[in-house]
Amino acid sequence: MKDRIRGRKLQRIRDEWFSLHPLCVKCVEKGIYRAATQLDHIVALTNGGLDFDEDGGKNRQGLCDDCHDEKTRQDLGHTPRVRIGLDGFPVED
Ligand SMILES: [Zn+2]
């Protein structure tokens, strides 16, 4: 299996991308202008997505920390499922 990009190479790709696309794309969709801090694979590598050296710029997007955390959970299949109890608080399964 191919190693994912790390270190200095990743830093350079990220800097270039953020200089062109400085905002979190998911926040922009909600009308919030928040700086992107994470360069994200749109299709996660674990789901067969291409890494930044072979995606031609098509499998990447800038996200803020919060949106990146949320997406990572979804990519891993841990979509939070919250039920609200009669007392108005979330119920743990
Ligand atoms: Zn965001």
Side-chain angles (χ1 to χ4, degrees):
M1 185 167 161
K2 185 177 169 298
D3 284 340
R4 59 186 299 169
I5 305 174
R6 293 183 185 283
R8 219 174 266 188
K9 190 174 176 189
L10 176 60
Q11 189 61 50
R12 187 172 52 77
I13 292 171
R14 199 186 275 159
D15 287 348
E16 283 175 12
W17 188 257
F18 289 160
S19 68
L20 295 170
H21 312 274
L23 297 174
C24 169
V25 296
K26 292 218 184 283
C27 285
V28 167
E29 282 173 8
K30 296 179 232 166
I32 303 165
Y33 292 87
R34 203 166 178 195
T37 52
Q38 306 277 344
L39 186 57
D40 178 58
H41 298 90
I42 295 172
V43 179
L45 298 182
T46 50
N47 294 333
L50 296 176
D51 209 347
F52 303 133
D53 57 347
E54 51 191 17
D55 74 341
K58 290 190 170 63
N59 192 34
R60 60 183 86 163
Q61 61 185 353
L63 297 177
C64 67
D65 287 342
D66 289 348
C67 292
H68 185 255
D69 286 351
E70 192 182 322
K71 179 168 182 298
T72 301
R73 276 199 297 275
Q74 289 172 357
D75 286 344
L76 296 174
H78 299 307
T79 308
R81 192 169 55 92
V82 178
R83 288 191 297 122
I84 305 297
L86 293 174
D87 57 1
F89 288 97
V91 176
E92 304 273 348
D93 282 325

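For the single chain, residues carry numbers from 1 onward in sequence order. In listed order, ligands and their atoms are each counted from 1. All figures in this text were calculated on a predicted structure; none of them were measured in a lab.
- The two residues Cys27 and Cys64 have their closest heavy-atom pair at SG-SG, 3.9 Å.
- Although no hydrogens or angles enter the test, the distance criterion places a donor-acceptor pair under 3.5 Å between the side chain of Asp51 and the main chain of Ile5.
- Of all non-hydrogen atoms in Asn59 and Val43, the two that sit nearest each other are OD1-N, 2.7 Å.
- The shortest side-chain heavy-atom distance between Leu39 and Phe18 falls under the 4.5 Å cut-off.
- The minimum heavy-atom distance between Leu45 and Arg4, with the atom names listed, is CD1-CB, 3.6 Å.
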Problem set entry | salt bridge (Lys or Arg N to Asp or Glu O under 4.0 Å) between Arg34 and Asp66, intermediate numbers included | CA-CA 11 Å; Arg34 203 166 178 195; Asp66 289 348; 3.1 Å; yes
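- Shown here are the protein N/O/S atoms lying under 2.8 Å from the Zn ion (ligand 1), water excluded: Cys24 SG, Cys27 SG, Cys64 SG, Cys67 SG.
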